[in-house]
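Quick notes on the structure that follows.
Below, all heavy atoms of this structure are taken into account, side chains as well, without hydrogens, waters or symmetry copies. In listed order, ligands and their atoms are each counted from 1. The shown structure was predicted, so the numbers you read here are calculated from the model rather than taken from an experiment.
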Amino acid sequence: MSEQDPNARLRPDLDEEMNVAETHAVFEGATAATIRERRLHENGMEPVPLWLFLCAGISLLVGGAVLGKGGALFNYGQDSMWANEWTEDTSGGPEEITEGEVLPFFVKQGAKTYGKCAGCHGADGKGDGANYPPLAGSEWVTGENTEALGMIILNGLSGPIEVAGKTWNSVMPAQGPISAKDLAPLMTYLRNGLNDVGDVVTVEMAQKAVDAYEARGPGKTVTAAELQGGHMNLLSGEAMDPTTIIDFETYQPVGNAGGN
Ligand code: HEC
């Protein structure tokens, strides 16, 4: 269009840069300034270019990675809300439980040591009905004779023995040495996992059994007759209420730093 023609912009049909909004403005009798303003505004409404989309996408990825790594860029420090959430995630597991009631804990721990016995007496403690006598329902396990029970376990047993109305006559190899800390939960498991006696064999009591085993000397199995001749007693030591809260490290009542 010609510079000389002052009416050029008033003839939209001749305008190469024909623009609908501008044209309307011209017909509305708008001033040149208004037209320019509208054109600028219209430029702002242009579709977002592809490069801007790419930049936004990259920013999201980079930003996400930085935050996801725990805030290398945004270091909020120890007392920030995010930092606390982060540490809570790793600290709140069941492994954190360090104390609880003695009976269920001993039964759980004793069940692990019972793996030594399960091959012969069965996982359920019912024996096999032929070569290995039952521990579930056995008066040797449930009776007030933990001393004899401890000796059978640690020293082994040979010769005839009556269990739940049936006579067995075989040999059980010695299972000692077993530490008092393992023997207490094992005996508690025999009496409360395989049976339902309701009492706890403490580490202190189990230590008495270990002492007797060591004094007697390994390699000498006991017989039922020998046990019945003077060992049908409870292992000595202070009884522990089954609901006593103990420390899962020391196996001692919580707050009893001295131990037994
Ligand atoms: C190699 C097989 C074997 C293993 C392992 C074994 N026992 Fe025995 N156990 C026997 C036999 C056989 C007898 C019967 C012995 C006899 O007739 O004199 C017996 C008897 C007993 C008795 C007395 C009788 C009864 O049934 O109550 C107890 C208690 C006992 N075992 C507990 C245990 C415990 C606890 C363990 C694991 C620490 C264990 N045994 C591991 C074979 C085994």
Exercise for review: Among all protein heavy atoms, pick out the one at the shortest distance from atom 5 (C) of ligand 1; state its residue, atom name and that distance to 0.1 Å.
Suggested key: K116 O, 3.4 Å

Check your understanding: Under a 4.0 Å heavy-atom limit, does Y132 contact ligand 1 with its side chain, its backbone, both, or neither?
Key -> side chain

Point to revise | Ligand-side contact atoms (ligand 1) for residue partner W168, heavy atom cut-off under 4.0 Å | key: 17 (O)

Point to revise | Nearest-contact summary for atom 24 (C) of ligand 1 - protein heavy atom, Å | key: V163 CG2, 3.6 Å

Check your understanding: Which of these, C117, S138, S170, A136, has its nearest heavy atom closest to atom 27 (O) of ligand 1?
Key -> S138

Revision key, fill the gap. Under 4.0 Å between heavy atoms, the region of V171 that gets near ligand 1 turns out to be backbone

Revision key, fill the gap. Atom 2 (C) of ligand 1: closest protein heavy atom, distance to 0.1 Å, is C120 SG, 1.9 Å

Point to revise | Ion pair check, E226 and K220, cut-off under 4.0 Å | key: no

Exercise for review: Give the atoms of ligand 1, by number and element, whose distance to some non-hydrogen atom of I153 is under 4.0 Å.
Suggested key: 35 (C), 38 (C)

Exercise for review: Return yes if some donor-acceptor pair links the side-chain N/O of W140 with the main-chain N/O of E162 below 3.5 Å, else return no.
Suggested key: yes

Practice item. Can you label the angle between the F105 ring and the Y251 ring as parallel, tilted or perpendicular, going by 30° and 60°? Key: perpendicular

Revision key, fill the gap. Ligand 1 atoms nearer than 4.0 angstrom to some heavy atom of N169 are 17 (O)

Study note, to complete from the structure: of all protein heavy atoms, closest to atom 22 (C) of ligand 1 is I152 CG2, 3.7 Å

Review point. Is there a donor in the side chain of E147 and an acceptor in the side chain of N233, or the other way round, less than 3.5 Å apart?
Key: yes

Review point. Would you say K126 has more than 12 foreign heavy atoms packed within less than 6.0 Å of its NZ?
Key: no

Review point. Backbone N or O of V141 within a donor-acceptor pair of the N195 side chain at under 3.5 Å?
Key: no

Exercise for review: Determine whether any heavy atom of P173 lies closer than 4.0 Å to an atom of ligand 1.
Suggested key: yes

Revision key, fill the gap. Restricting to heavy atoms, the pick from L186, L135, D182 nearest atom 32 (C) of ligand 1 would be L135

Practice item. Would you mind checking which non-hydrogen protein atom is closest to atom 10 (C) of ligand 1, with the distance to 0.1 Å? Key: M172 CB, 3.3 Å

Exercise for review: Considering heavy atoms of the protein only, find what lies nearest to atom 26 (O) of ligand 1 and give residue, atom and distance to 0.1 Å.
Suggested key: P134 O, 2.7 Å

Point to revise | Under 3.5 Å donor-acceptor, R191 side chain and G198 backbone | key: no

Exercise for review: Could you tell me whether N169 atom CG has more than 12 heavy atoms of other residues or ligands within 6.0 Å of it?
Suggested key: yes

Check your understanding: Near W140, which atoms of ligand 1 are under 4.0 Å from a heavy atom of that residue?
Key -> 27 (O)

Check your understanding: Please state which protein non-hydrogen atom is closest to atom 7 (N) of ligand 1 and give its distance, to 0.1 Å?
Key -> H121 NE2, 2.8 Å

Practice item. Specify the protein heavy atom at minimum distance from atom 29 (C) of ligand 1: its residue, its atom name, and the distance to 0.1 Å. Key: L149 CD1, 3.5 Å

Practice item. Could you tell me whether a side-chain N or O of D128 sits under 3.5 Å from a main-chain N or O of N131, the two making a donor and an acceptor? Key: yes

**Study point:** Neighbour count >12 (heavy atoms, 6.0 Å) for atom CD, E144
**Key:** no

Check your understanding: Roughly how far, to the nearest 0.5 Å, is the OG atom of S138 from the CG atom of L190?
Key -> 9.5 Å

Review point. Short question: side chain of K166, backbone of G129 - any donor-acceptor pair under 3.5 Å?
Key: yes

Check your understanding: To which of P133, G150, G110, G115 does the heavy atom nearest atom 13 (C) of ligand 1 belong?
Key -> P133

Review point. At the 4.0 Å heavy-atom cut-off, does N131 count as touching ligand 1?
Key: yes

Review point. Counting distance only, does the side-chain N/O of T244 pair as donor-acceptor with the main-chain N or O of M240 below 3.5 Å?
Key: no

Practice item. Report the part of L190 (side chain from C-beta onward, or backbone N, CA, C, O) that has a heavy atom under 4.0 Å from ligand 1; answer both or neither where that applies. Key: side chain

**Study point:** Polar proximity ligand 1 side, G159 side, N/O cut 3.5 Å exclusive
**Key:** yes

